[in-house]
Each structure stands twice: as structure tokens, then as C-alpha cells.
Amino acid sequence: MSKTQGSSKSEKQLYRHAKNALKPGECHKYLTVEIDSGLISDPCGAQITQELSQADFKTNIIQQIVPQTITWRRDLPQSCDKTAQEFLLYIVQGQEILDSIRERKFSARIQSLKGIYPDRTPVIIIYGLKDSFRKSDKSVNRHDVEMSLVEAQILHNCCHRLVENPAELAATVAQFSKSVAEIPHKREEIEKSLGESCYFSSRENVKIQNDVGYSRLWQEHLIEFPHATLETAQAITNEYPMPQLLIQALATSSDPENLLTDIPVRRSGGPLAAHRKVGQELSRKIFKLYTTENPDEIL
């Protein structure tokens, strides 16, 4: 075996190893959960580390830039770099949330977090909010909290989860860790399915192979219109086998809105099958879809 062949074989083995490291069941072994040291001193800290250990995650106790946060790093085989992952958990006591909302500092707090971690998507884990409400002076009500959390999601792309005890908190951290570990594999699966020309409808995928399947895809597209049936779609595609033919007919018709109105639709097979028509309403909707230049047009 030549040196070049040996090198090529070694590279293929490394590639397969790296690919396997991203698959479910293996990916968590190469993910390190970085936990702020302040959380470990909290009563729930021991339960978090125990839950992660039982799920075979590696943990690293560090002093995070922002206290009470958890981040992740991926250390793939044969790679010298530990890649920071795009999410972080920010664990906040319920009373802290109530105080920051009462002082009108909650939004600024989230904005500051985003400024420190501009490349990460934060998720707030609110711990013990119900108990904090029971003990509070009611200066902040549930509506205030809900509005503040919605504002954080809309303005800062910051979602939240509510947990009430250490067991729930530990399970949530483990759940997020598993999801982060599987992100590359799931993205690859999505890209693979798109690369195979799978088109999605509300019913099932339509796969295009060797130019076969376009007719069915055309029918599936038409079925997406409200109250359109398979028989209706078949009637239209029999008249206009390709979308381009329909578009051309709409462009040259003297009454394009009603172009499809009188196309007969057979409800069932056989010589005694009942007939109906596509109808004015569906014809008008299809006309609008293929001719409007307004992206906000309501069909």
C-alpha cells in the first residue's frame, strides 16, 4: 500500500469516526456541560450534576461571565478545538424575576445578557415562581410576569421554562443538554431530506425521481387550497398539466378570475358518476395566488 493510499484510508476512518460522534447515542459523549460554580453551591446544584452524570454527560464547573448560567462545548474526535454551542440556560429564582419586573429592569437584564453572549440564544429557567408568588406582596401580578416574558421572547428571542423543584430543574437541564447534543445530526437529516427533493404537503411527502412525480406534486399543491379535493385537483391538472400552462392561460384570458370556474369535476368513477364544477370561489383564489404582486394579499 502506498503512502497516499494509507493517508486516504486514515482520513476516511477519521471522517467516519467524526460522523458517528454526531449520531444519537454517541453525540452526548462529546458534549461538555459547563456549569457556573454558583449553581453548585445552590441546593439544586448536586441534583443537576447527578442527573447529567446519569445521562453520561461530562460536566465542567467554571466561573461563568454571568452567574447562574449553563453553556455547552462540543469536543469532536481528532479536533483540537472545543466548539461553543449556540444556546445557554440562565437559571433565575422566581423572586429575582418578580423584583426585576417590579423595578422595571427585567428587559434591560435580558438585553445585557444578549450583549455578553451575542452569538448564543438564551433560555431562562425560572425556578420556584409559584412559591415566590405565594410569599410576595402582590405588587407584581401574573399578568405583569406574562407580559414581561412575552416581551423578552419578541424583542430578544429569549424563551423561558418554569420549574418548581430541584428534580424538575435537573431534568430540564438534562433535556436541554440532550437536545443540544443532537442538533448537528438533526440538521444533517433535514438537509439530506431536502437534498433528495422531498416536497412537503399537509398529507405526505412527494418525492421527485428522474422527473417522475411532478404531476402528483402539482395536484398536492392545489389540494392545499381550502375545500379543494383530490378530484378537483385532478380536474384542473387534466386541463392544465403544468403550472406554467395555467399561468399562461391566466395571462391571456379575458376573464382570468373565472378561468377555472366551469371545469367539470367527477365525484366518482363509472358512467353514472355525478359531476360538479370547480366553482367561482376556488377559481378566484387560484387566480389571486398566481397573479398578485402583493406578498400580503389575502386569498
Side-chain angles (χ1 to χ4, degrees), residues 28 31 33-55 57 59-72 84-183:
H28 67 282
L31 192 74
V33 187
E34 298 181 322
I35 306 173
D36 179 59
S37 54
L39 282 171
I40 298 304
S41 59
D42 192 274
C44 63
Q47 196 144 355
I48 291 175
T49 54
Q50 181 181 357
E51 187 83 18
L52 291 170
S53 177
Q54 290 175 351
F57 282 104
T59 58
N60 186 23
I61 311 304
I62 63 173
Q63 186 174 354
Q64 295 276 19
I65 301 174
V66 177
Q68 308 294 103
T69 55
I70 294 176
T71 56
W72 295 270
Q85 301 303 286
E86 63 207 73
F87 294 92
L88 71 88
L89 295 183
Y90 183 31
I91 300 172
V92 187
Q93 294 283 346
Q95 189 57 51
E96 288 184 64
I97 293 290
L98 297 180
D99 291 343
S100 60
I101 292 174
R102 183 179 59 253
E103 296 167 5
R104 301 184 182 278
K105 295 180 179 180
F106 180 71
S107 182
R109 187 173 184 174
I110 302 304
Q111 189 172 1
S112 175
L113 182 67
K114 292 279 289 185
I116 296 171
Y117 295 101
D119 299 324
R120 303 205 189 196
T121 302
V123 178
I124 307 175
I125 307 297
I126 304 174
Y127 177 51
L129 184 60
K130 289 182 180 179
D131 187 53
S132 298
F133 262 127
R134 285 194 294 267
K135 298 175 182 178
S136 71
D137 58 7
K138 311 304 179 185
S139 58
V140 176
N141 57 41
R142 295 183 185 276
H143 177 72
D144 296 329
V145 174
E146 290 171 0
M147 291 300 295
S148 296
L149 293 175
V150 169
E151 183 180 89
Q153 185 168 354
I154 294 174
L155 297 182
H156 307 298
N157 191 28
C158 180
C159 298
H160 69 278
R161 290 280 293 272
L162 302 178
V163 297
E164 293 302 324
N165 55 61
E168 285 185 16
L169 177 58
T172 298
V173 173
Q175 181 186 40
F176 268 94
S177 298
K178 180 181 177 182
S179 297
V180 170
E182 294 179 355
I183 284 175

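Quick note: numbers below take in every heavy atom, side chains included, and nothing from hydrogens, waters or symmetry partners.
Contacts of Q175 classified as side-chain hydrogen bond (donor to acceptor under 3.5 Å, both in side chains), with partners at least two apart in sequence or in another chain: R161. The salt bridge (charged side-chain N to carboxylate O under 4.0 Å, His left out) test applied to R102 returns D99, not counting sequence neighbours. Every residue was checked against the salt bridge (charged side-chain N to carboxylate O under 4.0 Å, His left out) condition with E51, not counting sequence neighbours, and none meets it. A search for side-chain contact (heavy atoms from CB on, under 4.5 Å) contacts involving S148 returns I101, F106, not counting sequence neighbours. For R134, the salt bridge (charged side-chain N to carboxylate O under 4.0 Å, His left out) criterion is met by D131, not counting sequence neighbours. With sequence neighbours left out, the side-chain hydrogen bond (donor to acceptor under 3.5 Å, both in side chains) criterion links T71 to E34, Q64. Every residue two or more places apart in sequence or in another chain was checked for a side-chain hydrogen bond (donor to acceptor under 3.5 Å, both in side chains) with Q68, and none qualifies. R120 is linked by a salt bridge (charged side-chain N to carboxylate O under 4.0 Å, His left out) to nothing, counting only residues two or more places apart in sequence or in another chain. Annotation: side-chain contact (heavy atoms from CB on, under 4.5 Å) contacts of S112 (sequence neighbours excluded): I116.
More than 12 heavy-atom neighbours from other residues, nucleotides or ligands sit within 6.0 angstrom of CD on Q54. Within a 6.0 Å sphere centred on NZ of K178, heavy atoms belonging to other residues, nucleotides or ligands number 12 at most.
Classified by interplanar angle (parallel below 30°, tilted 30° to 60°, perpendicular above 60°), the ring pair W72/F176 is parallel.
How far CD1 of I65 is from CG of L88: 10.5 Å, rounded to the nearest 0.5 Å. Within the model, atoms CG of L98 and CD of E103 stand 11.0 Å from one another, a figure rounded to the nearest 0.5 Å. A distance of 7.5 Å separates CG of L129 from CD1 of I97, quoted to the nearest 0.5 Å. To the nearest 0.5 angstrom, T59 atom OG1 is 11.5 Å from L31 atom CG. Atom SG of C158 is separated from atom CD1 of I154 by 12.5 Å, given to the nearest 0.5 angstrom. A distance of 7.5 Å separates CD1 of I125 from CG of L169, quoted to the nearest 0.5 Å.
P67 and D36 make their closest contact through CA-OD2, 3.5 Å (heavy atoms, listed as atom of the first residue, atom of the second, distance). Across A174 and F57, no two heavy atoms sit closer than the pair O-CE1, 4.3 Å. Minimum interatomic distance between S177 and V33 (heavy atoms only, all atoms of both residues): OG-CG2, 3.8 Å. Shown here for I61 and S37, the closest heavy-atom pair between the two residues is CG2-CA, 3.8 Å.
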From CA spacing to verdict: side chain to side chain contact (heavy atoms under 4.5 Å, CB included), I35, L52: CA-CA 11 Å; I35 306 173; L52 291 170; 3.8 Å; yes

Full working for side chain to side chain contact (heavy atoms under 4.5 Å, CB included) between V180 and E86: CA-CA 9 Å; V180 170; E86 63 207 73; over 6 Å; no

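Evaluation of the side-chain hydrogen bond (donor to acceptor under 3.5 Å, both in side chains) test over residues 41-50, restricted to residues two or more places apart or in two chains, returns none. Contacts classified as salt bridge (charged side-chain N to carboxylate O under 4.0 Å, His left out) and involving residues 87-97 (residues at least two apart or in different chains) are given here: E96-R109. Residue pairs meeting the salt bridge (charged side-chain N to carboxylate O under 4.0 Å, His left out) criterion with at least one partner in residues 136-153, sequence neighbours excluded, are absent.
Side-chain contact between H156 and L113 is absent, with no heavy atoms from C-beta onward closer than 4.5 Å.
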